[in-house]
Amino acid sequence: MKLRSWIGLVLGCSLGSIVAAAPVAKADADWVPRGLAQWQEVKQGAGDGARQVDLGPRPQWLVDDMDEGALKAQLQACRTQNLKPTEFSIGHRGAPLQFPEHTLESYVAAAGMGAGIVECDVAFTKDRQLVCRHAQNDLHTTTNIVTIPELNAKCTQPFVPADPASGTPAQAECRTSDITLAEFKSLQGKMDAFNPMATTPEAYVGGTADWRTDLYASRGTLLTHRESIELLRTLGVKFTPELKTPVEEMPYEGDYSQQDYARQMIQDYIDAGVKPEDVWPQSFNLADVLFWVNEMPRFGRQAVFLDESAHTPENSSLAFMESLKAQGVNILAPAIWKMLTLDGHQQIVPSDYALNARAAGLDLIAWSMERSGPLASGGGWYYQSVSDAINNDGDMLTVIDVLAREVGVIGIFSDWPATTTFYANCMGLVSGR
């Protein structure tokens with residue numbers, strides 16, 4: 001069944017076949033996106049086909065929680081009717097604050113909140129098919145694999161129950177490369193969590209953080225990379241695939257190299273007829289980024305170098321940033337904390353790292369908002385450089401404001417894109433990049 005003809009009942013569009021090239025498993029070729037027909041947020045706009053945005057209550061709740069001041073007053077006065085999708089708002093793994101990450105349901109939710117770009121982290125299966133997973137070895141925490149005996153048995157480390165008497169935690173490690181694509185598509189996505197003291201597989205897959213929810217985890221439709229491309233294009237969303245660092249030794253099985261893997265990811269967009277300017281390929285591995293820059297330059301222009309390394313004088317310097325630019329890197333995406341610091345008055349301001357990156361001509365993207373839970377105790381890892389100024393959930397809007405207006409980021413990843421969509425619409429950041 002062709003995805004575009006099926007989804008036309010909802011969107012009034014006509015689509016071609018999901019996969020245009022390379023043989024794939026039957027589970028991939030026959031894929032129909034379960035639940036999408038019930039999605040009501042994507043509609044035809046008044047004459048222009050624009051999708052509608054529904055933010056829900058959270059952005060205004062965050063505004064109400066802000067410290068008093070000019071920014072709070074400006075956001076309180078913001079009109080929230082007729083909001084537009086924006087590329088400033090990037091769905092980090094979809095909308096995993098409440099939906100199982102990297103699932104159809106999570107991507108649909110992110111699009112409904114106005115994310116202009118949505119991320120598929122890309123890993124490979126045993127039969128070298130590309131799928132959307134945050135890590136090659138996270139199936140035991142993001143799917144139900146350990147509860148399926150025949151697939152659990154194929155895991156690198158099948159489930160071993162905890163021993164409460166000795167305090168020994170449960171063990172499991174299940175990789176996408178442990179199973180075939182068809183086996184992968186038989187799994188159910190769930191909230192990323194586990195119970196370390198579980199004595200049964202069913203108990204192990206629990207443990208969702210109390211500030212997240214399992215309310216929307218009863219469905220978690222897993223996607224191949226190519227399925228994600230077709231789905232997101234149908235939803236009117238652009239693409240930021242991240243090539244995940246393999247846990248398998250590369251070349252995999254002796255003949256599937258890192259370069260083969262990096263090329264295959266981009267080839268999926270070429271085969272699908274996606275314009276290079278609609279794709280922001282990412283990697284924490286600079287060699288991957290430079291491969292795209294040099295070997296696939298049309299896509300390499302927007303290749304994103306991800307950075308979570310600790311600050312050093314060398315990797316924060318203007319010389320380092322200029323060296324990245326000289327090698328053809330145009331976009332740098334650091335963790336939020338790397339671009340921020342506190343001034344003498346305990347106000348959040350751009351860090352030297354951020355200032356040097358901008359001075360070198362690099363565009364910046366931040367990650368990831370809405371990933372830390374309640375911020376009353378300083379915000380944790382993502383806010384570590386400014387934790388002394390973080391004491392309520394509304395402070396994340398202050399952080400977004402500094403990143404947007406003072407650092408000058410071109411986009412922000414969020415686990416709940418409604419927040420960044422709200423800010424972007426209030427501040428007029430909806431015209432794209």
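This one's a predicted model, so the numbers in the text were calculated from it and none came from an experiment. Both backbone and side-chain heavy atoms feed into the values below; hydrogens, waters and symmetry mates do not.
- Atom CZ of Arg133 is separated from atom CD of Glu101 by 6.0 Å, given to the nearest 0.5 angstrom.
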| task | With ring-ring contact (aromatic ring centres under 6.0 Å, His included) as the test, would you mind laying out the steps for His140 and Phe159 before giving the verdict? | result | CA-CA 8 Å; His140 51 292; Phe159 171 75; over 10 Å; no
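- Among all heavy-atom pairs drawn from His102 and Cys132, the shortest one is CB-O, 3.6 Å.
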| said: Walk me through whether Lys185 and Glu227 qualify under salt bridge (Lys or Arg N to Asp or Glu O under 4.0 Å). | reply: CA-CA 11 Å; Lys185 290 303 298 293; Glu227 287 170 352; 2.8 Å; yes
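- Between Trp416 and Phe99 there is a side-chain heavy-atom pair separated by less than 4.5 Å.
- When side chains are defined from C-beta on, Tyr107 counts as touching Leu232, because their heavy atoms get closer than 4.5 Å.
- Lys190 places a side-chain N or O within 3.5 Å of a backbone atom of Thr141 that can act as its donor or acceptor partner.
- Under the 3.5 Å distance criterion, the side-chain polar atoms of Thr421 are matched with a main-chain donor or acceptor of Met113.
- Remark: side-chain polar atoms of Ser372 are paired, donor with acceptor, to backbone N or O of Gly379 under 3.5 angstrom.
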| task | Evaluate side chain to side chain contact (heavy atoms under 4.5 Å, CB included) for Leu130 paired with Thr224, printing each intermediate quantity in order. | result | CA-CA 6 Å; Leu130 301 185; Thr224 70; over 6 Å; no
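- Between Asp415 and Met369, every side-chain heavy-atom pair lies at or beyond the 4.5 Å cut-off.
- Contact record, Ser106 with Pro100: CB-O, 3.1 Å, taken as the closest heavy-atom pair.
- Side-chain atoms of Asp278 do not come within 3.5 Å of backbone N or O of Lys238 as any donor-acceptor pair.
- Looking at Arg226, its side chain never comes within 3.5 Å of a backbone N or O of Val131 through a donor-acceptor pair.
- Salt-bridge check for Arg93 with Glu242: failed, with every basic side-chain N at 4.0 Å or more from each acidic carboxylate O.
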| side chain to side chain contact (heavy atoms under 4.5 Å, CB included) assessment of Leu286 paired with Leu324 | CA-CA 9 Å; Leu286 180 59; Leu324 291 178; 4.1 Å; yes
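- With contacts defined as side-chain heavy-atom distances shorter than 4.5 Å, the pair Ser368/Ile336 does not qualify.
- Here Glu295 does not pair with Arg263 in a salt bridge; the nearest charged N to carboxylate O distance is not below 4.0 Å.
- Side-chain atoms of Gln384 do not come within 3.5 Å of backbone N or O of Gly380 as any donor-acceptor pair.
- Counting only N and O atoms by type, the side chains of Thr341 and Ser351 include no donor and acceptor under 3.5 Å apart.
- Interatomic distance, CD of Gln302 versus OG1 of Thr240, reported as 9.5 Å (0.5 Å rounding).
- Using a 30° and 60° split on the angle between ring planes, His134 and His92 fall in the perpendicular class, above 60°.
- Using a 3.5 Å distance cut-off with no hydrogens or angles, the side chains of Asp401 and Thr398 do not pair a donor with an acceptor.
- The structure places NZ of Lys338 at 4.5 Å from OH of Tyr353, a figure rounded to the nearest 0.5 Å.
- Considering only residues two or more places apart in sequence or on other chains, Tyr269 meets the ring pair (Phe, Tyr, Trp, His ring centres under 6.0 Å) condition with His225, Phe239.
- For the atom pair Phe305 CZ and Asn285 CG, the distance stands at 8.0 Å (nearest 0.5 Å).
- The two atoms that bring Glu370 and Ser414 nearest to each other are CG-OG, 3.4 Å, heavy atoms only.
- Side-chain contact, Glu119 with Gln282: a donor N or O sits under 3.5 Å from an acceptor N or O.
- Of all non-hydrogen atoms in Pro158 and Asn152, the two that sit nearest each other are CB-O, 3.4 Å.
- Of all non-hydrogen atoms in Leu187 and Thr143, the two that sit nearest each other are CD1-OG1, 3.8 Å.
- Ion pairing between a basic and an acidic side chain is recognised when a charged N comes within 4.0 Å of a carboxylate O; Lys325 and Glu322 show no such pairing.
- Residues that satisfy the ring pair (Phe, Tyr, Trp, His ring centres under 6.0 Å) test with Phe284, not counting sequence neighbours, are Trp367.
- In this structure, Tyr256 has its ring center under 6.0 Å from that of Phe124.
- The main-chain N or O of Asp268 is never found under 3.5 Å from a side-chain atom of Asp271 such that the two would form a donor-acceptor pair.
- Separating the CG atom in Asn82 from the CD atom in Gln52 is a distance of 8.5 Å, to the nearest 0.5 Å.
- Between the side chain of Glu183 and the main chain of Thr180, a donor-acceptor pair closer than 3.5 Å is present.
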| side chain to side chain contact (heavy atoms under 4.5 Å, CB included) between Leu364 and Ile410: does it pass, once the steps are laid out? | CA-CA 6 Å; Leu364 293 169; Ile410 62 173; over 6 Å; no
Under 3.5 Å, sequence neighbours excluded: what are the donor-acceptor pairs made by side chains of residues 201-212?
| residue | atom | partner | partner atom | Å |
| --- | --- | --- | --- | --- |
| Thr208 | OG1 | Asp214 | OD1 | 2.8 |
| Thr208 | OG1 | Asp214 | OD2 | 3.2 |

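- None of Asn137, Asp178, Leu139 except one satisfies the side-chain contact (heavy atoms from CB on, under 4.5 Å) rule with Cys155; the exception is Asp178.
- The shortest side-chain heavy-atom distance between Leu332 and Asp307 falls under the 4.5 Å cut-off.
- Annotation for Glu249: atom CD does not count as buried by contact number, only 12 or fewer foreign heavy atoms lying within 6.0 Å.
- Between the side chains of Gln264 and Arg128, not a single donor N or O lies within less than 3.5 Å of an accepting N or O.
- What you find for Phe422 and Leu75 is that their closest heavy atoms are CZ-O, 3.8 Å.
- Between atom OH of residue Tyr261 and atom OG of residue Ser283 there is a gap of 8.5 Å, rounded to the nearest 0.5 Å.
- Lys84 NZ: 12 or fewer foreign heavy atoms inside a 6.0 Å radius.
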| request: Report the C-alpha distance between Leu340 and Val402 in whole Å, list the side-chain angles of each, state the deciding distance to 0.1 Å, and finish with yes or no for side chain to side chain contact (heavy atoms under 4.5 Å, CB included). | output: CA-CA 8 Å; Leu340 302 174; Val402 174; 3.7 Å; yes
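- Residues Phe320 and Glu314 are not in side-chain contact: their nearest non-hydrogen atoms beyond the backbone lie 4.5 Å or more apart.
- Under the 3.5 Å distance criterion, the side-chain polar atoms of Ser316 are left unmatched by any main-chain donor or acceptor of Pro313.
- Within the 4.5 Å cutoff, no side-chain heavy atoms of Pro96 are placed close to those of Asp192.
- Checking side-chain atoms of Asn315 against main-chain N and O of Ala310 turns up a donor-acceptor pair under 3.5 Å.
- The closest side-chain heavy-atom distance from Gln98 to Thr213 is below 4.5 Å.
- Counting non-hydrogen atoms of other residues, nucleotides and ligands closer than 6.0 Å to OH of Tyr216 gives a total of 12 or fewer.
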